[in-house]
Amino acid sequence: MKKPWAGRFKEKTAKTLEEFSQSISFDKRLWQEDIEGSIAHAKMLHKQGIINKKELEKILKGLSEIEREIKNGKFQFKEELEDIHMNIEKALIEKVGQAGAKLHTARSRNDQVVTDLRLYLRKKVKEIIEKIRKLQKTLLSLAEKHINTIMPGYTHMQKAQPVLLSHHLLAYAWMFERDKQRLKETLKRINQCPLGSGALAGSSLPIDREFTAKELNFDIVIPNSMDAVSDRDFVLDVLYCGAVIMMHLSRLAEELILWSTDEFSFIQLPDRFSTGSSMMPQKKNPDPAELIRGKTGRVYGNLISLLTTMKGLPLTYNRDMQEDKEPVFDTIDTVTMSLKIVDEMLPLVEFNKERMNHQAQRGYITATDLAEYLVRKEVPFRQAHEITGKIVLYCIEKGKELKDLTLEEFRNFSHKIDEEVYSILTPLGSINGKSSYGSTSKESVKEQIRLLRKSLEEK
Ligand code: ARG
């Protein structure tokens with residue numbers, strides 16, 4: 001097949017090069033955006049008197065036929081035509097002849113590919129925002145359901161202070177809230193129009209970039225044609241956002257894995273989202289959570305991959321930049337699927353409330369509350385910490401929990417301790433005692449639910 005650049009060449013392209021340089025196998029997923037961009041470009045060419053009405057009509061008809069063929073799986077994608085842009089253009093010329101040959105006027109694949117990618121990412125980022133919103137709703141329902149479930153909170157993976165399971169789950173809802181904000185920010189930078197930049201320097205023909213930008217619902221026209229065709233920072237934004245989302249999902253996944261162990265026994269994972277072992281009949285494995293944790297590495301890799309591709313490129317377009325697509329498609333697919341699976345799985349997780357509560361009774365978990373109790377009795381915090389530390393050591397030696405000590409035993413350490421101390425030594429007492437903003441108290445958790453609900457209602 002004759003290449004569009006054949007005029008300057010004496011030889012045909014080597015088969016190996018065609019195979020090596022093709023991107024059609026993965027960029028065919030930009031077909032819809034490619035057609036959308038071409039429609040806007042063709043309308044502009046007509047409005048500017050560069051093509052006539054008849055030619056525009058032919059182009060539009062041809063493009064809509066191509067669209068139908070691709071949708072029906074009838075379209076023949078050809079490797080020797082390299083990418084989606086040349087595949088569609090060539091098919092158009094075959095269908096409508098000379099009019100089709102005018103479509104590429106004042107356009108280069110350099111501005112075309114980046115236009116397609118921006119249109120595609122705009123759509124996908126919005127879809128991911130919706131998926132996050134959905135997952136947040138799931139987390140909120142769980143938080144409401146478990147507003148009375150008490151569990152141990154950890155630092156260094158050691159029991160630290162009792163918390164409400166709701167508070168723990170809402171921590172993730174807040175992380176996802178910021179993930180959404182980040183994506184919304186990114187959308188602003190994605191939604192800028194490069195079309196009409198040509199190969200790098202613009203065009204001598206009387207094009208109207210403002211018009212195509214409006215047709216394609218871009219917010220602004222990129223003011224510098226060299227910048228427009230040569231940067232991929234908006235793709236990196238998406239890759240970074242994706243990496244952070246996966247990091248958050250991976251931490252949640254890790255907790256699900258840990259909590260489902262026999263040792264923890266905090267949760268029971270649904271059979272529907274677990275797999276067995278081919279050898280050990282008793283096994284029930286948390287594979288989806290492990291896969292999310294595992295895929296996070298790949299999504300980080302996608303970000304590093306494109307950063308590395310871009311770092312040494314002189315302006316403007318270089319073919320290296322074709323390497324932007326596979327990482328970003330992979331990140332989009334992985335993030336989308338991971339959000340979906342976590343959202344489907346979470347409501348089916350059974351929380352073992354008794355076990356969580358039981359574990360929250362142990363490990364001198366209310367020691368900090370005891371120290372703060374002493375502070376309220378006007379003991380300086382450093383001394384209160386020291387006294388409480390000694391009480392804990394005594395408990396360890398006696399094999400008792402704090403709440404099991406008699407008042408006499410307490411008073412051996414500080415005469416400021418009296419009967420009411422027992423009310424703050426239980427996990428519930430500890431949680432109810434929290435009064436600071438953002439704490440694990442029930443009021444604070446309810447306030448968080450209110451704030452998140454409000455934000456979820458706003459579009
Ligand atoms: N397939 C190319 C890409 O993905 C399209 C742009 C090609 N431009 C060029 N001058 N070879 O980047």
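These numbers come from a predicted model, not from an experiment. Remember, it's 1-based here, ligands and their atoms both numbered in the order they're listed.
Looking only at atom types and distance, the side chain of H358 has no donor-acceptor partner in the side chain of R355 under 3.5 Å away. Side-chain polar atoms of T138 and D343 form a donor-acceptor pair below 3.5 angstrom. Counting only N and O atoms by type, the side chains of Q112 and D34 include a donor and acceptor under 3.5 Å apart.
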Name each donor-acceptor pair under 3.5 Å that joins a side chain in residues 154-164 to protein atoms two or more places apart or in another chain, with its distance.
unit_1: K159; atom_1: NZ; unit_2: Q359; atom_2: O; d: 3.3
unit_1: K159; atom_1: NZ; unit_2: Q359; atom_2: OE1; d: 2.7

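For the side-chain hydrogen bond (donor to acceptor under 3.5 Å, both in side chains) test, residues two or more places apart in sequence or in another chain that qualify with T331 are N302.
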Please tabulate, line by line, the atom pairs linking an N/O of ligand 1 to a protein N/O at a distance below 3.5 Å, with the distance in Å to 0.1, or answer 'none'.
unit_1: ligand 1; atom_1: 1 (N); unit_2: S23; atom_2: OG; d: 3.3
unit_1: ligand 1; atom_1: 1 (N); unit_2: D83; atom_2: OD2; d: 3.1
unit_1: ligand 1; atom_1: 1 (N); unit_2: Q322; atom_2: OE1; d: 2.9
unit_1: ligand 1; atom_1: 4 (O); unit_2: K325; atom_2: NZ; d: 2.6
unit_1: ligand 1; atom_1: 8 (N); unit_2: N110; atom_2: OD1; d: 3.1
unit_1: ligand 1; atom_1: 10 (N); unit_2: N110; atom_2: OD1; d: 3.2
unit_1: ligand 1; atom_1: 11 (N); unit_2: R109; atom_2: NH2; d: 3.4
unit_1: ligand 1; atom_1: 12 (O); unit_2: Y317; atom_2: OH; d: 2.5

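Sorted by first then second residue, the ring-ring contact (aromatic ring centres under 6.0 Å, His included) pairs that include residues 120-147, not counting sequence neighbours, are Y120-F329, H146-F351.
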